[in-house]
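To keep things clear, I will list the structure first and then write my remarks on it.
Position 1 is the first residue of the sequence; numbering continues from there. As the structure lists them, so they are numbered: ligands from 1, and atoms in each ligand from 1. Predicted model, so just to flag it, every value in this text is computed and none were measured.
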Amino acid sequence: MSDDKKINELLAQIQKLEQENAMLRRDFNSPTKGDTVRVPDGIKPLFDEAQKTVGEYFRNLKMDPTRGTIEINDQRYVLVRASALSNDFLNTIQHLYSDRGEKEALSIGKNFLFDIAHVIGMNDAKNFHQKMNLIDPIAKLSAGPVHFAYSGWAFVDILPESTPSPDDNYYLIYHHPFSFEADSWMRSGKKSSTPVCVMNSGYSSGWCEESFGIPLTAVEVTCKAKGDEHCTFIMSPPHKIQEHVNRFTSDSKYVNKKITYDIPTFFERKKVEEEMRNARKKAEESDKAKSEFLANMSHEIRTPMNAIIGYVDLMLQDKVSTEHREYLETLKDSGKLLLNLINDILDVSKIEAGQLVIENVPYSLGGLLNSKEEWAKAIALKSGQEVKIVKKYSDSIADEVYVDPSRLQQILNNLLSNAVKFTSKGTVEFGVILKDEVTLEFYVKDSGIGINEKDHTKIFEMFGQADASTTREHGGSGLGLTISKKLVELMGGKIWVESIKGKGSTFFFTLPYKPVSSAIVKKEKTEKVQEVIKDKLLLVEDNLINQRLTKLILEKAGYDVVTASNGQEAVDYYKASSDFKVIIMDIQMPVLDGLSATQIIRFHEAEQKLKRTPIIALTAHAMKGDKEKCLEAGCDNYLSKPIMLDVLVNAIKKYV
Ligand code: ADP
């Protein structure tokens, strides 16, 4: 087509559109002749009033296609082709969801249209009521059908049996003689087997809901699109709708007619969503309460355990009879077992609450595996089983790697102790290989009882044990593998088992391989070679048993120890003599707590330009954030109770 021809065609089209605009403007700007709704006589005056107000409102319609705007009273409107929102829309949805069957596809589409229209109806009403200053519910409602007619949805014919009161008795029965939805079906020459005026139901019930301030829904019970005489609707509170529809369909007028209807699921879904939200909130609250309870309980148990294990440790250093040494060893073992259980429970609650922090520090993997070899040999010896321990370590792995050493040890401890526990005679081999450039693969292999294939997943679940009899024979809580799995995953790896019942098991887990460059290793090694010097320490602890125990431990290690029973005493001692090499600070204390005391000491140092004294925090708290809180307050290190003798002394050695 030539350019001239194209231009001429376009000009002709523009002219046509302008004519249409002029017509539209003329029609809207002249007052409407005739009623836009039909209502029972009793409420007619109100609707006449509404017709006047709304009619005036719509006379201000302005269309400006050069800007792509349609406005009424400075409010933007959009014109949408009616069948795009009815038969075209439903056909497309039916196509899209064809795999679900025609009925379900239609129901999805209809619910979608109802929801949109209901919300538009509510918001249109809210906006219109505000603009027109409408207060009274009936006045608010009366504007609805008129607005409905002006905006091209339908004409509304409210039947006399209606009782629109703002309560449970709200009941509206009405026809939409010119519903845009039924009309679009009829114009397309198609007949529907179910009512189609879904948006009409949604919009009207949304408008009335906003007007009366009560939830309302509407159902179309007869529809012209399926060949009925009228498009008839019933509107009521959602919990009453079925009752009204039943009454309608049992009317003798309809007995021989095929009545089909869909009750919109909008309110049902809203109710279910609400219930789900409440249930989730409740579950989250009880989960939080459970985690807090577990954390508090383990705190309470760890504090006295500190004293028990610490004193046993001290007694074992003295000269005691062989018999008493045996008793003390048993006492210490039982204490440690109990502590392990408490730590397991605390770990699970911390992991579940998302509070476990994984460290990433340079550490010698070879050294760690050596100490695990010794450890495994010791437990095998203790168990009295004939188990040989074999360690394999690949030379291609860097001397030092970034890991969380205590969590890695915890996983290996779990796997090794299980391997020994379930192997009465045979070999336990463990080691690590470089799987690829970025992955370490650890394994623990035993020639023990093995695990049935059906239990390979179950044993990693909370309290999951292969079978109850094994548990009775071997003991255990069923938490070890759960914690190991969660820890491995938190560190970016995965864990699995390969096992044949009766032949033995191999547990594998991977971790990201992050080698430390040799320059860093050297620096840290020189830092580590430092001598122990006997010096003066300030020990701040309010619990007198723990205070005496820790003092004894430190004195045995050769330190001069001054004790304070609360933060205030600590600050006083410190100000009187600031030559303490290290301060060991409990956190929870009366009068002045450890964090405040630390802050005062740091402030004093800055003010007096004094050298910084290292402060090691001691706390029975072990939840996430405690470490950060201590460091933020000015502490240099953090140890959680119960304190093992060597851990505390090693921590002090770093500063003196
Ligand atoms: P616990 O050993 O405390 O019961 P775990 O979570 O460590 O808890 O282990 C769960 C279960 O997995 C054990 O009870 C046992 O049935 C099975 N299991 C674990 N390791 C082995 C193994 N090396 N050989 C055989 N069975 C094992």
Side-chain angles (χ1 to χ4, degrees), residues 294 298 333-352 356 369 372-373 375-392 406-432 441-491 493-510:
L294 285 174
S298 51
D333 283 350
S334 309
K336 279 190 172 169
L337 212 67
L338 192 55
L339 203 60
N340 281 341
L341 191 65
I342 297 161
N343 285 340
D344 275 359
I345 294 171
L346 189 62
D347 272 349
V348 172
S349 68
K350 276 204 278 188
I351 294 170
E352 285 198 337
L356 195 104
L369 259 62
K372 283 304 102 193
E373 185 184 7
W375 183 83
K377 280 182 178 162
I379 57 164
L381 194 72
K382 217 169 192 176
S383 70
Q385 290 161 199
E386 287 174 47
V387 188
K388 195 172 153 225
I389 307 289
V390 179
K391 181 204 75 187
K392 295 230 166 118
S406 59
R407 296 304 175 185
L408 175 58
Q409 289 202 51
Q410 192 176 350
I411 299 163
L412 286 169
N413 286 355
N414 274 331
L415 300 184
L416 284 168
S417 62
N418 277 346
V420 172
K421 183 161 78 174
F422 295 108
T423 310
S424 51
K425 191 175 175 191
T427 312
V428 169
E429 181 189 316
F430 76 106
V432 56
E441 186 177 280
F442 295 79
Y443 68 94
V444 178
K445 181 177 175 190
D446 66 60
S447 57
I449 62 169
I451 305 158
N452 258 330
E453 194 167 346
K454 69 170 177 43
D455 294 321
H456 287 190
T457 316
K458 186 178 134 194
I459 54 171
F460 290 102
E461 286 162 12
M462 192 98 83
F463 309 114
Q465 293 176 321
D467 67 68
S469 59
T470 320
T471 317
R472 270 197 299 277
E473 192 185 326
H474 299 279
S477 64
L479 284 175
L481 289 178
T482 311
I483 294 170
S484 300
K485 180 169 189 275
K486 295 196 175 194
L487 289 177
V488 168
E489 285 168 355
L490 275 176
M491 294 197 277
K494 52 187 187 30
I495 187 166
W496 69 100
V497 64
E498 286 171 12
S499 174
I500 298 171
K501 185 87 184 156
K503 294 238 157 93
S505 320
T506 309
F507 284 82
F508 296 91
F509 66 95
T510 58

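Distance check, rounded to the nearest 0.5 Å: CD1 of Ile451 to CZ of Phe422 gives 7.5 Å. The distance from the NZ atom of Lys445 to the CZ atom of Phe507 is 14.0 Å, given to the nearest 0.5 Å. For the atom pair Lys494 NZ and Glu489 CD, the distance stands at 10.5 Å (nearest 0.5 Å).
Contacts between Asn414 and ligand 1, counted as non-hydrogen atom pairs separated by less than 4.0 Å, are absent for every part of the residue. Here Ile451 has side-chain heavy atoms under 4.0 Å from ligand 1, and that is the only part of it that gets that close.
Glu453 CD: 12 or fewer foreign heavy atoms inside a 6.0 Å radius. At most 12 heavy atoms of other shown residues, nucleotides or ligands fall within 6.0 angstrom of atom NZ in Lys485.
At a 4.0 Å cut-off, at least one heavy atom of Ser505 sits close enough to ligand 1 to count as contact. Heavy-atom separations between Phe460 and ligand 1 are all 4.0 Å or longer.
Applying side chain to side chain contact (heavy atoms under 4.5 Å, CB included) to Leu481 and the options Ile411, Val497, Asn418 leaves one that passes, Asn418.
Where the criterion is an N or O separation shorter than 3.5 Å, residue side chain and backbone included, Lys421 meets it with respect to ligand 1.
Taking a cut-off of under 4.0 Å to the non-hydrogen atoms of Leu481, the atoms of ligand 1 that pass are 5 (P), 6 (O), 7 (O), 9 (O), 10 (C), 12 (O), 19 (C). Every atom of ligand 1 is numbered from 1 in the order shown, and the set under 4.0 Å from a heavy atom of Ile459 is 11 (C), 12 (O), 17 (C).
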